[in-house]
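Here is the structure we will look at.
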Amino acid sequence: MGVMVHRFCGPWGIGSEAFVEGASGATLAHGRAWPSVISGALGHHDRSLIAERDGEVCGILPMMLLSHWLFGTFHVSLPWLDYGGVLADNPETAQELLDAATAQARADGAAFIEFRSVTPVFSGLVARQDKVTFLLPLADADGVWRGLDAKVRNQVRKAQRAGLTCHFGRDELLPDFYRVFARNMRDLGTPVWGVALFQKILEAFPKTSEIALIRLGDKVIGGG
C-alpha cells in the first residue's frame with residue numbers, strides 16, 4: 001500500500017506522538033500542541049497533514065492558514081515559531097506531503113506556503129538565507145557561567161547586588177508577567193497578544209512551560 005495523506009485537526013494519536021519523538025529532525029513545532037495553541041488562542045485555521053503507510057504514521061506537516069491585509073492568504077509551518085516544515089521517514093513521503101500541502105493551498109486560495117525547516121527538505125524551492133540558527137551545547141552551571149562574556153558576568157553580579165530576585169511558577173504568575181509584557185509591547189509600538197495565548201501555552205505544555213519573573217523588592221520589573 002502506498003502513502004495516504006489526509007488533514008488532521010484533532011489531537012495526535014499515540015502513533016503520531018511516537019513518530020515525532022523518534023524522527024530525526026523533529027522539533028518542538030512538530031508536536032500537536034502548537035497548532036492547538038495557535039488555533040485556540042489566535043483563531044487561525046489548522047491545516048495540518050499526516051501521512052500513513054499500512055496504518056502506521058510515516059510523516060507529519062503542522063501547518064496553519066493565515067490571512068493578512070497586505071500579504072493576502074498563505075500557509076505557514078509554523079507561524080510565531082522558528083521551526084516547522086515537513087517531517088517524514090523518507091523523501092517519497094516528504095514529496096507526498098508537499099503535494100498534499102500544495103493542493104490544500106490551492107483549495108484555500110493561498111498565495112504561498114512557508115516551511116520553517118531547520119535544514120532544507122526539498123531542492124528547487126526558494127530558500128531564505130537571512131536567518132541563522134545557532135546551537136549551543138549545555139554544560140553544568142559552572143561551565144555555563146565561565147562561558148559567559150566578562151561583561152555579561154559583571155551585569156549579572158550588579159543585578160544580584162541590587163537585590164533583584166528571580167521567581168519561577170505558572171498560572172499564578174501570569175497576571176504579573178502579562179502586565180510587564182503588555183507595557184513593553186506598547187512602548188515598542190507593537191500590537192499586544194492577548195493573555196489567552198499565554199494561558200493556552202501553559203495548558204498545552206503542562207510539564208515543559210513556566211513563567212520567570214524578576215522582582216526588585218515587591219515590584220515586578222521583568223519576566224519571560
Report yes or no: does His44 contribute a side-chain atom to a donor-acceptor pair with the main-chain N or O of Ser67 at less than 3.5 Å? no

Has Asp46 got a side-chain atom pairing as donor or acceptor with Ser48's backbone, closer than 3.5 angstrom? yes

Tell me whether the count of non-hydrogen atoms from other residues, nucleotides or ligands lying under 6.0 Å of NE2 in His45 goes above 12. no

More than 12 heavy atoms of other groups within 6.0 Å of Arg183 CZ: no

Measure the shortest side-chain to side-chain distance between [X] and [Y] over non-hydrogen atoms and say whether it is less than 4.5 angstrom.
{"X": "Trp145", "Y": "Asp142", "answer": "no"}
{"X": "Phe71", "Y": "Leu66", "answer": "no"}
{"X": "Phe74", "Y": "His68", "answer": "yes"}
{"X": "Gln199", "Y": "Leu174", "answer": "yes"}
{"X": "Val180", "Y": "Asp176", "answer": "no"}
{"X": "His75", "Y": "Asp108", "answer": "yes"}
{"X": "Pro62", "Y": "His30", "answer": "yes"}
{"X": "Ile221", "Y": "Leu164", "answer": "yes"}

If you round to the nearest 0.5 Å, how far is [atom2] of [Y] from [atom1] of [X]?
{"X": "Ser117", "Y": "Asp82", "atom1": "OG", "atom2": "CG", "answer": "12.0 Å"}
{"X": "Phe122", "Y": "Leu98", "atom1": "CZ", "atom2": "CG", "answer": "4.5 Å"}
{"X": "Ile38", "Y": "Leu65", "atom1": "CD1", "atom2": "CG", "answer": "12.0 Å"}
{"X": "Leu78", "Y": "Leu61", "atom1": "CG", "atom2": "CG", "answer": "8.5 Å"}
{"X": "His6", "Y": "Leu49", "atom1": "NE2", "atom2": "CG", "answer": "9.0 Å"}
{"X": "Ile211", "Y": "Ser209", "atom1": "CD1", "atom2": "OG", "answer": "8.0 Å"}

Under a 4.0 Å N-O cut-off, is there an ion pair linking Arg128 with Asp130? yes

Do you reckon [X] sits in the same ILVMFWY cluster as [Y], going by side-chain contacts under 4.5 Å, direct or chained?
{"X": "Val121", "Y": "Ile113", "result": "yes"}
{"X": "Trp80", "Y": "Leu70", "result": "yes"}
{"X": "Leu135", "Y": "Leu28", "result": "no"}
{"X": "Val192", "Y": "Val220", "result": "yes"}
{"X": "Val57", "Y": "Val20", "result": "yes"}

Taking all non-hydrogen atoms of both residues, which atom of [X] and which atom of [Y] are closest, and how far apart?
{"X": "Val144", "Y": "Ala139", "value": "CG2-O, 3.8 Å"}
{"X": "Val5", "Y": "Ala51", "value": "CG2-CB, 3.9 Å"}
{"X": "Arg32", "Y": "Pro35", "value": "O-CD, 3.3 Å"}
{"X": "Thr27", "Y": "Tyr83", "value": "OG1-CB, 3.4 Å"}
{"X": "Ala41", "Y": "Lys200", "value": "CB-CG, 3.7 Å"}

Given ring-ring contact (aromatic ring centres under 6.0 Å, His included), test Tyr178 with Trp193 step by step and report yes or no. CA-CA 10 Å; Tyr178 191 74; Trp193 290 320; over 10 Å; no

Parallel, tilted or perpendicular: which fits the ring planes of Phe198 and Phe177, with parallel below 30° and perpendicular above 60°? perpendicular

Going by the rule side chain to side chain donor-acceptor pair (under 3.5 Å), which residues pair with Asp89 if we only count those two or more places apart in sequence or in a different chain? Arg53, Thr93

